[in-house]
Structures are given as structure tokens and as C-alpha cells.
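For the numbers below, each heavy atom of this structure counts, side chains included, while hydrogens, waters and symmetry mates do not.
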Amino acid sequence: MYEITNSYSGLKTTVGKLHVHPNVANVVPGNVEWVLDVRHEDDTLRMTALDEMRHALKQQAALDGTSVTVNELWASPAVLFDEDVLGAIEKSTDNLGLTRMKLYSGAGHDSKYMPYFGKTGMIFIPSVQALAPGR
């Protein structure tokens with residue numbers, strides 16, 4: 001998954017949930033369940049990467065003489081924010097001498113749903129800890 005993720009510019013993946021059975025330090029697990037979160041601002045690219053990941057998992061399982069089952073638990077299409085609003089945010093940060101970076105988020109913030117009603121953008125502000133030296 002790491003190699004496939006890195007072959008797509010901007011693709012983000014996270015394994016945030018892992019269940020190993022029997023979950024004993026000196027026993028080879030007979031069953032492992034894990035959840036892979038896959039995000040990209042381009043839904044077509046994200047789906048292409050997911051297809052490649054499914055294929056790679058099935059290939060590896062066949063080589064290892066094991067089995068794999070892939071289930072899609074949840075999917076949320078990308079929402080693109082208004083370019084005028086994003087431009088205003090960029091101009092404001094530049095005028096204030098602040099640093100900025102563009103990013104996309106898969107989180108279900110209110111702004112994700114607002115483009116259906118009007119021009120929308122979103123600003124993430126880092127926490128004090130995120131700005132601390134060494135982080």
C-alpha cells in the first residue's frame with residue numbers, strides 16, 4: 001500500500017484501525033482486520049488507486065497462499081471549494097504576512113456541505129502545539 005500510495009501524487013492513506021487475532025505476542029495471527037483510509041482531491045484518481053490496491057492485495061494473498069476480503073465501509077466524494085473564495089483567503093494571508101499552505105481534508109466539516117448552497121472555502125488554523133519547535 002505504501003508503494004502504491006507514493007506512486008500517486010497527493011494521495012494520502014492511513015491505517016487507523018488494526019485487529020490482530022489472536023493478538024498474542026508469540027503467535028502468528030490467523031486473521032488480521034485493518035481499515036485503510038484513502039483520500040485524494042480527485043475522485044477518479046482515488047478510485048484508480050483503490051482498484052490498484054485491491055488488485056495488489058489479491059495478488060499478494062495468492063502468492064502467500066492466504067485469502068483477502070476487501071470491503072468498502074464508507075465513501076465520500078471530493079468537494080472542491082470556490083476559486084474566488086480560495087483566492088480571497090490566499091490574498092488575505094499574504095496581506096497579513098502569514099504563512100499558508102493548500103491542503104485537502106476528508107473530514108466532514110460543515111464547509112463540505114455548504115458548496116451546495118453558495119460559494120465556500122475553509123481555513124484550518126494550526127494549534128499552538130503544532131507550531132511548537134521540534135514538531
Side-chain angles (χ1 to χ4, degrees):
M1 299 305 98
Y2 179 76
E3 290 174 5
I4 294 170
T5 298
N6 286 334
S7 71
Y8 290 88
S9 178
L11 189 69
K12 304 293 183 204
T13 58
T14 305
V15 175
K17 194 173 191 180
L18 189 65
H19 294 283
V20 180
H21 307 282
N23 201 25
V24 177
N26 62 345
V27 175
V28 175
N31 187 33
V32 176
E33 297 174 28
W34 50 284
V35 176
L36 178 68
D37 182 56
V38 181
R39 298 180 185 193
H40 197 278
E41 61 187 320
D42 179 334
D43 288 332
T44 302
L45 191 143
R46 181 177 51 84
M47 295 307 294
T48 299
L50 278 167
D51 288 342
E52 187 176 341
M53 290 175 181
R54 285 184 189 99
H55 179 73
L57 286 167
K58 290 177 181 178
Q59 265 191 321
Q60 190 61 52
L63 289 171
D64 293 340
T66 61
S67 63
V68 64
T69 303
V70 178
N71 297 310
E72 186 173 315
L73 302 177
W74 183 74
S76 179
V79 174
L80 300 178
F81 292 130
D82 183 79
E83 287 298 324
D84 291 337
V85 173
L86 297 177
I89 293 169
E90 290 179 5
K91 184 177 178 181
S92 294
T93 56
D94 290 346
N95 289 343
L96 292 169
L98 301 172
T99 59
R100 61 178 163 80
M101 63 184 279
K102 273 190 168 181
L103 59 88
Y104 60 94
S105 168
H109 296 281
D110 293 344
S111 293
K112 176 183 172 84
Y113 305 101
M114 292 309 295
Y116 301 107
F117 303 103
K119 293 182 174 187
T120 308
M122 189 171 7
I123 301 172
F124 285 95
I125 300 173
S127 67
V128 173
Q129 287 89 3
L131 297 175
R135 292 199 181 240

(message) When you compare the side chain of L36 with that of M1, does any pair of heavy atoms fall below 4.5 Å?
(response) yes
(request) Hey, could you give me the CG/CE distance between L103 and M122, rounded to the nearest 0.5 Å? (result) 8.5 Å
(message) A quick test of your reading: do over 12 heavy atoms of other residues, nucleotides or ligands sit less than 6.0 Å from CD1 of I125?
(response) no
(request) Inspect the contact between D51 and R54 and indicate whether a charged nitrogen and a carboxylate oxygen are less than 4.0 angstrom apart. (result) yes
(request) Determine yes or no for a side-chain-to-main-chain donor-acceptor pair under 3.5 angstrom, with D42 supplying the side chain and T44 the backbone. (result) yes
(request) Compare all side-chain heavy atoms of D82 with those of T120 and state whether any distance is below 4.5 angstrom. (result) no
(message) Rounded at 0.5 Å granularity, tell me how far OG in S76 sits from NZ in K112.
(response) 2.5 Å
(message) Do D37 and K17 make a side-chain contact, defined as non-hydrogen atoms from C-beta onward lying under 4.5 Å apart?
(response) no
(message) In the structure I gave you, are the side-chain heavy atoms of E90 and K102 within less than 4.5 Å of one another anywhere?
(response) yes
(message) Would you compute the distance between atom CG of N31 and atom OG1 of T66 and round it to the nearest 0.5 angstrom?
(response) 11.0 Å
(message) What's the separation between atom CG in L18 and atom CG in N23, rounded to the nearest 0.5 Å?
(response) 8.5 Å
(request) Sort and list the pairs that fulfil ring-ring contact (aromatic ring centres under 6.0 Å, His included) and have at least one residue in residues 3-27, not counting sequence neighbours. (result) none
